[in-house]
Amino acid sequence: MKAVWLSHVLTPDTPLYGGDKTILFSQPRSLVHGDTCNTTFLALPSHAGTHVDVPRHFFPEGRTVDGYPPETWLFKSPSVLEIAIQPGELIGPEDIAPKLTRDQTIDLLLLKTGFSKQRQEQIYWRQGPGLSPSLGEYLKSNVSGLRAIGIDFLSVSCLNRREEGRE
């Protein structure tokens with residue numbers, strides 16, 4: 001089985017939703033300073049870099065990430081769809097449907113827009129694309145076995161269209 005690294009490395013410059021800049025690194029212990037080991041202290045929001053949004057993100061009684069067994073995060077039938085999207089636009093069923101076949105079983109759908117090439121620019125967090133509410137319903141009804149969606153932009157909720165993102 002081929003493994004693919006899907007994450008970006010976290011740094012103090014990692015773009016965050018809304019332009020937040022609160023990723024902090026410090027090194028309380030260092031071999032260079034005579035300590036017995038190197039350690040790093042990290043302070044960051046839960047939505048920094050590559051992360052998983054679980055039901056608790058929007059629902060008070062929703063499941064937390066540690067409520068899922070480890071095998072939840074292993075996928076056997078992933079699919080990558082390249083989607084052309086403009087800044088601030090929402091990806092909808094009309095963008096996905098022509099690229100899927102009815103008999104296809106997909107457990108992880110990765111949407112590749114190329115928007116991550118702009119990670120170090122303000123447009124990445126200010127005008128990133130998002131997912132339309134109708135896309136969720138479409139995928140639920142039409143993609144057998146789907147358990148997760150991955151994106152190469154900051155959030156499924158476009159900053160300029162947050163209400164639609166919450167739907």
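These numbers were taken from a predicted model, which means no experiment stands behind them.
The minimum heavy-atom distance between Val156 and Phe153, with the atom names listed, is CA-CE1, 4.5 Å. Looking at every heavy atom in both residues, Ser132 comes nearest to Gly92 through OG-CA, 3.3 Å. The two residues Gly49 and Thr14 make their nearest non-hydrogen contact at N-CG2, 3.9 Å. The two residues Asp53 and His47 come nearest to each other via the heavy atoms OD1-NE2, 2.6 Å. Among all heavy-atom pairs drawn from Pro98 and Pro93, the shortest one is CD-O, 4.3 Å. Of all the heavy atoms in Phe41 and Pro28, the pair that sits closest is N-CD, 3.8 Å.
For the atom pair Glu94 CD and Leu135 CG, the distance stands at 8.5 Å (nearest 0.5 Å). Of the inter-residue distances, the one linking Leu131 atom CG with Tyr138 atom OH reads 14.5 Å to the nearest 0.5 angstrom. Atom CD1 in Ile96 sits 4.0 Å away from atom CD1 in Ile83 (nearest 0.5 Å). A distance of 8.5 Å separates CG of Leu90 from OG of Ser157, quoted to the nearest 0.5 Å. The OG atom of Ser141 sits 11.5 Å away from atom CG of Leu146, with the distance rounded to the nearest 0.5 Å. The CD atom of Gln118 sits 9.5 Å away from the CD atom of Gln127 when rounded to the nearest 0.5 Å.
Between Asp107 and the choices Ser144, Ser79, Pro78, the side-chain contact (heavy atoms from CB on, under 4.5 Å) rule is met once, by Pro78.
The backbone N or O of Ala84 lies less than 3.5 Å from no partner atom in the side chain of Asp95, so there is not a single donor-acceptor pair. Between the side chain of Thr105 and the main chain of Gly145, no donor-acceptor pair closer than 3.5 Å is present. Distance alone, capped at 3.5 Å, is enough to place a donor-acceptor pair between the Asp152 side chain and the Thr113 backbone.
Within 6.0 Å of CZ in Arg56 there are more than 12 heavy atoms belonging to other residues, nucleotides or ligands. Under a cut-off of 6.0 angstrom, the local environment of CD in Glu71 is crowded, with over 12 non-hydrogen atoms contributed by other residues, nucleotides or ligands.
Side-chain atoms of Thr22 and Asp20 form a donor-acceptor pair, as typed in the model, at a separation below 3.5 Å.
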Apply side chain to side chain contact (heavy atoms under 4.5 Å, CB included) to the pair Ser77 and Ile106, showing each step before the final yes or no. CA-CA 5 Å; Ser77 303; Ile106 300 171; 5.5 Å; no

Given the rule in the side chain to side chain contact (heavy atoms under 4.5 Å, CB included) test, do Val143 and Leu109 qualify, once you have shown the distances and angles that lead to the verdict? CA-CA 9 Å; Val143 181; Leu109 179 61; 5.7 Å; no

Side chain to side chain contact (heavy atoms under 4.5 Å, CB included) evaluation trace for Tyr68 with Val52: CA-CA 11 Å; Tyr68 292 88; Val52 175; over 6 Å; no

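The shortest distance between side-chain heavy atoms of Gln120 and Pro15 falls below 4.5 Å. For the pair Leu108/Lys76, no side-chain contact is recorded, criterion being any heavy-atom separation below 4.5 Å from C-beta on.
Using cut-offs of 30° and 60° on the angle between ring planes, the pair Tyr124 and Phe115 is parallel.
In this structure, Tyr17 is a member of the same hydrophobic cluster as Trp125, with clusters built from ILVMFWY side-chain heavy atoms closer than 4.5 Å. Residues Leu111 and Trp73 fall into different hydrophobic clusters, defined by Ile, Leu, Val, Met, Phe, Trp and Tyr side chains chained together at heavy-atom separations under 4.5 Å. Linking Ile, Leu, Val, Met, Phe, Trp and Tyr residues whenever their side-chain heavy atoms come within less than 4.5 Å places Leu42 and Leu10 in a single cluster. Two different hydrophobic clusters hold Phe75 and Val65 under the rule that ILVMFWY side chains link at heavy-atom gaps under 4.5 Å.
Leu74 belongs to no multi-residue hydrophobic cluster, having no ILVMFWY side-chain contact under 4.5 Å with any other such residue.
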